[in-house]
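Quick caveat: nothing in here was measured; it's all calculated off a predicted structure. Residue numbers begin at 1 in each chain, while the letters A, B, ... track the order of the sequences.
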Protein chains: 2
Amino acid sequence: MSPRKPVQQELTQDMIMDAARDLFVSKGYQHVSMRQIAKELGCSHGTLYYHFKNKAELFYELVEDHFVLLNQRLQEVLGKDLDEREKLKQILVAYIEFGLNHQSHYEIMFLTKDEEVRNLLNQGPNRSYEIFAQSVARLSGKKLKVQEIWLLFLSLHGFVTHYCRYVNGFEEVKDLAEAHADFLLKLI
Amino acid sequence: MSPRKPVQQELTQDMIMDAARDLFVSKGYQHVSMRQIAKELGCSHGTLYYHFKNKAELFYELVEDHFVLLNQRLQEVLGKDLDEREKLKQILVAYIEFGLNHQSHYEIMFLTKDEEVRNLLNQGPNRSYEIFAQSVARLSGKKLKVQEIWLLFLSLHGFVTHYCRYVNGFEEVKDLAEAHADFLLKLI
DNA sequence: CCTCCTTATTGACCACTGGTCAATAAAATA
DNA sequence: TATTTTATTGACCAGTGGTCAATAAGGAGG
């Protein structure tokens with residue numbers, strides 16, 4: 001017997017994720033409750049646990065999507081017709097831009113200490129970092145050590161991490177972000 | 001009428017802070033409840049609210065102490081009889097060391113998004129950063145822009161932030177920390 | 001049409017959280 | 001001793017994440 005096809009009114013994972021995304025983005029993971037999400041959807045909170053194992057896993061599904069987004073953004077820059085040095089800079093800036101424009105997700109992607117969430121994150125961060133690292137290695141003129149690229153990444157990460165707390169979006173700090181990119185480019 | 005002097009058995013702020021410190025350090029801010037602290041002290045959780053306005057303020061008192069500790073550590077390095085370049089490096093490494101050996105506190109000092117806690121942090125971070133910035137400016141040979149020192153700091157911060165999640169203490173990542181310091185020193 | 005089975009949904013329930021507050025015990029003062 | 005100040009308690013509140021038996025709703029087979 002084939003699985004019952006869901007009817008229009010019924011809740012889908014996508015519907016839940018859409019509602020959850022809005023709330024998580026505007027309030028942050030910690031400050032959104034499953035009951036709030038359910039209220040937004042006009043259903044009981046118990047229902048959410050039928051579709052997702054728990055709050056962490058619901059958020060994880062959202063985050064997975066965002067890693068794809070980050071990867072796309074990096075690939076987009078790589079596809080541009082630009083001087084290599086400039087492209088390298090734009091990679092760094094694009095990374096910062098992504099972080100500051102998706103703060104709640106960046107938090108989970110690279111900042112959370114919450115083990116429940118973190119145990120779910122496996123390939124996401126690695127794949128994104130691989131793209132980043134390979135781009136830097138290729139676009140930089142010099143022969144870079146693996147370690148140097150990693151330390152460069154951590155330096156970028158520090159910028160994002162800090163301004164995630166003080167700023168609502170990339171635009172507010174765009175100039176400084178470019179300065180940071182230029183600053184770090186001296187290293188490679 | 002002078003204030004009543006507390007008697008031996010009565011709870012003091014220090015006693016609460018000692019118990020709270022242990023718990024916060026071992027479990028992190030989010031995973032310690034006021035009731036757990038009260039249990040540790042053998043008192044009712046209501047009592048804690050007599051001595052501290054709320055959980056955030058209790059933690060804040062702890063954090064204040066830790067800023068003093070960080071400042072002392074930096075001053076200690078500055079007092080050493082060393083080549084200026086080496087001293088500069090040690091400042092950077094000492095900062096990382098402090099962050100990784102006081103992770104729960106570093107989290108609050110420089111990472112928390114919790115507004116309740118953050119609104120309490122005023123002078124602490126500024127004073128510590130001032131010491132850091134002035135040391136770097138003085139010890140570096142070059143004339144550095146204020147912005148460059150700030151970006152250097154953010155790069156250090158990124159290292160600490162990241163390894164706070166993956167490591168239990170400075171020792172586990174000492175070599176890499178030194179490499180990071182050397183790496184960043186190329187910038188100044 | 002009527003079973004039977006799968007799928008979705010509900011809301012009561014649990015143990016927990018941070019925080020408040022009237023009642024009260026105990027010590028210091030007058 | 002009587003009064004005032006200080007410290008402590010535990011019931012209480014509104015909220016949390018999560019579980020689960022009961023139930024409704026839809027499809028498949030007869």
> Is there a residue in residues 34-41 of chain A whose heavy atoms reach under 4.0 Å of DNA chain C, and which residues are they?
Replying inline: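 Per residue number, the list reads A/R35.
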Distances for protein N/O vs nucleotides 21-23 of chain D N/O pairs under 3.5 angstrom?
none

Euclidean distance, atom [atom1] of residue [X] to atom [atom2] of [N] [Å, nearest integer]:
{"X": "B/F59", "N": "C/dG18", "atom1": "CZ", "atom2": "P", "result": "13 Å"}
{"X": "B/Q30", "N": "C/dC16", "atom1": "CD", "atom2": "C1'", "result": "15 Å"}
{"X": "B/L11", "N": "C/dA26", "atom1": "CG", "atom2": "P", "result": "16 Å"}
{"X": "B/F52", "N": "D/dT8", "atom1": "CZ", "atom2": "C1'", "result": "16 Å"}

Any residue meeting side chain to side chain donor-acceptor pair (under 3.5 Å) with [X], in chain and number order, not counting sequence neighbours:
{"X": "A/E61", "value": "none"}
{"X": "A/N101", "value": "none"}
{"X": "A/E40", "value": "none"}
{"X": "B/E84", "value": "none"}

Checking [X] now: which residues fulfil ring pair (Phe, Tyr, Trp, His ring centres under 6.0 Å) with it, not counting sequence neighbours?
{"X": "B/H162", "result": "A/W150, B/Y166"}
{"X": "B/F98", "result": "B/H102"}
{"X": "B/F24", "result": "B/Y29, B/F59"}
{"X": "A/Y163", "result": "A/F159"}

>> Enumerate the salt bridge (Lys or Arg N to Asp or Glu O under 4.0 Å) contacts for residues 139-148 of chain A, please, sequence neighbours excluded, ordered by first and then second residue.
In response: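 As it turns out, the salt bridge (Lys or Arg N to Asp or Glu O under 4.0 Å) pairs with a partner in residues 139-148 of chain A, which skip direct neighbours, are A/E148-B/K186.
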> In residues 42-51 of chain B, which residues come under 4.0 Å of DNA chain D by heavy atom?
Replying inline: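 Going residue by residue through residues 42-51 of chain B, the ones with a heavy atom under 4.0 Å of DNA chain D turn out to be B/C43, B/S44, B/H45, B/G46, B/T47, B/Y50, B/H51.
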>> I want to confirm an ordering. Mapping A/K53 and A/S33 to their closest nucleotides on DNA chain D, which one lands closer to the 5' end?
In response: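 Upstream on the strand: A/S33.
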>> Less than 4.5 Å apart, side chain to side chain, heavy atoms only: is that true for B/M17 and B/D65?
In response: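 Yes, at least one pair of side-chain atoms sits under 4.5 Å.
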> OG/B/S33 to NZ/B/K39 distance, rounded to the nearest 0.5 angstrom?
Replying inline: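 Answer rounded to 0.5 Å: 9.5 Å.
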